[in-house]
Amino acid sequence: MQTLTHEIAAAAARLVVEEGLDYGAAKRRAQKQLGVPPRTALPDNDLLENEVRAYISVFCADTQPVELRALRELALQWMERLAEFRPHLTGPVWRGTATRLSDVTLQLFCDDPKSAEIALLDQRVDFEVRQVQGFTGRSVDSLTVWAPSPALGEAVPVHLSIYDHDDLRGALKPGSDGQAPRGDATALRSRMAQEEVAP
């Protein structure tokens with residue numbers, strides 16, 4: 001059973017990297033592609049993350065670091081632009097597993113939930129609004145902006161999830177792996193600097 005779970009994780013990792021699927025969708029598609037029984041235990045996100053990193057190191061070592069840096073630079077631009085809303089980066093761009101197919105996900109911690117929308121309207125930025133499952137367990141508004149990335153030569157979806165200011169305290173707790181699940185602009189710059197000097 002453990003071997004099967006690893007097989008699903010490896011197949012899902014390829015879908016995450018090659019098709020830009022999120023972890024949940026990739027696991028379900030991999031399960032279907034492999035023809036395993038519906039009740040088969042799916043890999044947890046930590047195992048899938050490890051498989052994604054392994055896949056990138058084997059198949060994308062030449063291109064992924066450049067693409068990741070471009071996405072992080074784009075994230076920083078929007079974090080600076082929306083600094084008043086205490087933006088934090090999360091997802092694969094923060095964790096370092098993003099490729100050019102990955103979206104940028106920023107979490108904004110606002111005193112007034114409509115203030116970010118008003119700011120975007122004031123800046124004449126077009127955006128789409130939808131509801132997503134937030135890290136607090138409840139649904140939150142997510143504003144999607146298509147932001148041009150000169151380095152990638154294309155527009156990238158930047159998702160701005162709207163949280164209450166009070167949610168920020170819980171957001172800074174380490175995840176189950178002991179790592180920070182998100183970071184502000186200072187933390188992102190520090191992470192980028194460390195990875196530049198790493199062998």
Side-chain angles (χ1 to χ4, degrees), residues 12-26 29 45-46 48-109 116 119-120 123-130 132 135 142-163 171-172 175 177 179-199:
R14 183 184 62 77
L15 292 168
V16 168
V17 177
E18 298 293 342
E19 297 189 25
L21 294 188
D22 65 42
Y23 281 14
R29 172 102 69 86
N45 286 346
D46 291 340
L48 180 48
E49 179 96 354
N50 290 338
E51 290 293 334
V52 167
R53 290 184 187 282
Y55 189 94
I56 287 171
S57 69
V58 173
F59 296 104
C60 310
D62 293 341
T63 56
Q64 191 265 349
V66 176
E67 294 170 359
L68 173 62
R69 180 158 192 91
L71 290 168
R72 284 178 164 175
E73 286 171 350
L74 183 64
L76 277 173
Q77 287 174 22
W78 281 89
M79 292 169 93
E80 289 163 4
R81 190 169 180 171
L82 300 169
E84 65 185 292
F85 305 114
R86 308 164 190 89
H88 282 64
L89 177 65
T90 191
V93 180
W94 167 249
R95 295 192 305 268
T97 56
T99 68
R100 70 185 304 119
L101 297 177
S102 302
D103 297 353
V104 174
T105 302
L106 298 179
Q107 295 172 337
L108 309 183
F109 297 89
L120 291 177
Q123 295 179 27
R124 291 178 163 69
V125 174
D126 291 329
F127 59 90
E128 301 162 14
V129 184
R130 64 189 175 108
V132 298
F135 72 85
S142 177
L143 317 177
T144 298
V145 174
W146 285 84
S149 167
L152 295 177
E154 60 189 61
V156 175
V158 177
H159 306 295
L160 310 169
S161 300
I162 309 299
Y163 291 89
L172 300 178
D177 59 358
Q179 301 295 312
R182 57 191 55 81
D184 62 11
T186 301
L188 177 57
R189 286 192 190 94
S190 173
R191 184 165 282 202
M192 290 168 73
Q194 286 171 0
E195 290 176 3
E196 269 188 5
V197 299

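Hydrogens, waters and symmetry mates are skipped; everything else that's a heavy atom, side chains included, is used. In this text, all values refer to a predicted model and were calculated from it rather than measured experimentally. In what follows, residues are counted from 1 in the order of the sequence shown.
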Colleague: Taking atom CG of L152 and atom CG of L71, what is their separation to the nearest 0.5 Å?
Modeller: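 Taking CG in L152 and CG in L71, the distance rounds to 5.5 Å.
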
Colleague: Using side-chain heavy atoms (C-beta onward) and a distance below 4.5 Å, is E128 in contact with W146?
Modeller: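 SC-SC contact between E128 and W146 confirmed.
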
Colleague: Please give me the minimum heavy-atom distance between A54 and S57, naming the atom from each residue.
Modeller: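 Nearest pair, atom of A54 first, then S57: O-OG, 2.8 Å.
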
Colleague: Using side-chain heavy atoms (C-beta onward) and a distance below 4.5 Å, is T97 in contact with R53?
Modeller: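 Side-chain contact under 4.5 Å: yes.
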
Colleague: Looking at every non-hydrogen atom in both residues, tell me the closest pair between D103 and P157 and how far apart they are.
Modeller: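 That would be OD1-CG, 3.3 Å.
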
Colleague: Quick check against the 3.5 Å criterion: does Q64 have a side-chain atom that pairs as donor or acceptor with the backbone of F59?
Modeller: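 The answer is no, because no donor-acceptor pair under 3.5 Å joins these two groups.
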
Colleague: Assess R95 against Y23: is NZ or CZ under 6.0 Å from the centre of the six-membered ring, and within 45 degrees of the ring's axis?
Modeller: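 Geometry flag: set, cation within 6.0 Å and 45°.
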
Colleague: Please report the closest heavy-atom contact between C60 and V17, naming both atoms and the distance.
Modeller: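 Answer, listing the atom of C60 first, then V17: SG-CG1, 3.7 Å.
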
Colleague: Can you check whether L160 reaches L120 side chain to side chain, under 4.5 Å on heavy atoms?
Modeller: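 In short, these two side chains touch, coming nearer than 4.5 Å.
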
Colleague: Are any of the side-chain heavy atoms of L188 and V93 separated by less than 4.5 Å?
Modeller: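 The answer is no; the side chains never approach within 4.5 Å.
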
Colleague: Please report the closest heavy-atom contact between T90 and P181, naming both atoms and the distance.
Modeller: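 Closest pair (atom of T90, atom of P181, distance): OG1-O, 2.8 Å.
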
Colleague: Are any side-chain N or O atoms of R29 and backbone N or O atoms of L15, one a donor and one an acceptor, separated by less than 3.5 Å?
Modeller: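 Answer holds: no.
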
Colleague: Roughly how far, to the nearest 0.5 Å, is OG1 of T144 from CG of D126?
Modeller: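 Those atoms lie 12.5 Å apart.
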
Colleague: Could you state the interatomic distance from CG (L106) to CG (D184), rounded to the nearest 0.5 Å?
Modeller: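 One gets 11.5 Å once the value is rounded to the nearest 0.5 Å.
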
Colleague: Can you tell me how far CG of D46 sits from CD of Q179, rounded to the nearest 0.5 angstrom?
Modeller: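 These two atoms lie 10.0 Å from each other.
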
Colleague: F109 vs H88 aromatic rings, parallel, tilted or perpendicular, using cut-offs 30° and 60°?
Modeller: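 F109 vs H88 ring planes: perpendicular.
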
Colleague: Any sub-3.5 Å donor-acceptor pair from R72's side-chain atoms to W94's backbone N or O?
Modeller: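 Here the side-chain-to-backbone pair exists.
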
Colleague: Do the side chain of Y55 and the main chain of E18 share a donor and acceptor less than 3.5 angstrom apart?
Modeller: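 Answer holds: no.
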
Colleague: Starting at CG of L68, measure out to OG1 of T99 and round the result to the nearest 0.5 Å.
Modeller: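 So the gap between those two atoms works out to 9.5 Å.
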
Colleague: Measure the spacing between CG of N50 and CG of N45 and express it to the nearest 0.5 Å.
Modeller: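 CG of N45 is found 11.0 Å from CG of N50.
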
Colleague: Any side-chain heavy atom of R81 within less than 4.5 Å of one from V125?
Modeller: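 In short, these two side chains touch, coming nearer than 4.5 Å.
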
Colleague: Report the C-alpha separation of E195 and R191 in whole Å, then their side-chain angles, then the decisive distance to 0.1 Å, and conclude whether the salt bridge (Lys or Arg N to Asp or Glu O under 4.0 Å) test is met.
Modeller: CA-CA 6 Å; E195 290 176 3; R191 184 165 282 202; 5.1 Å; no

Colleague: Looking only at non-hydrogen atoms, find the nearest pair between S149 and V156 and report the distance.
Modeller: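 It is CB-CG2, 4.1 Å.
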
Colleague: List the atom of A61, the atom of P65, and the distance in Å for their closest heavy-atom pair.
Modeller: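 Of all heavy-atom pairs spanning A61 and P65, the closest is O-CD, 3.3 Å.
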
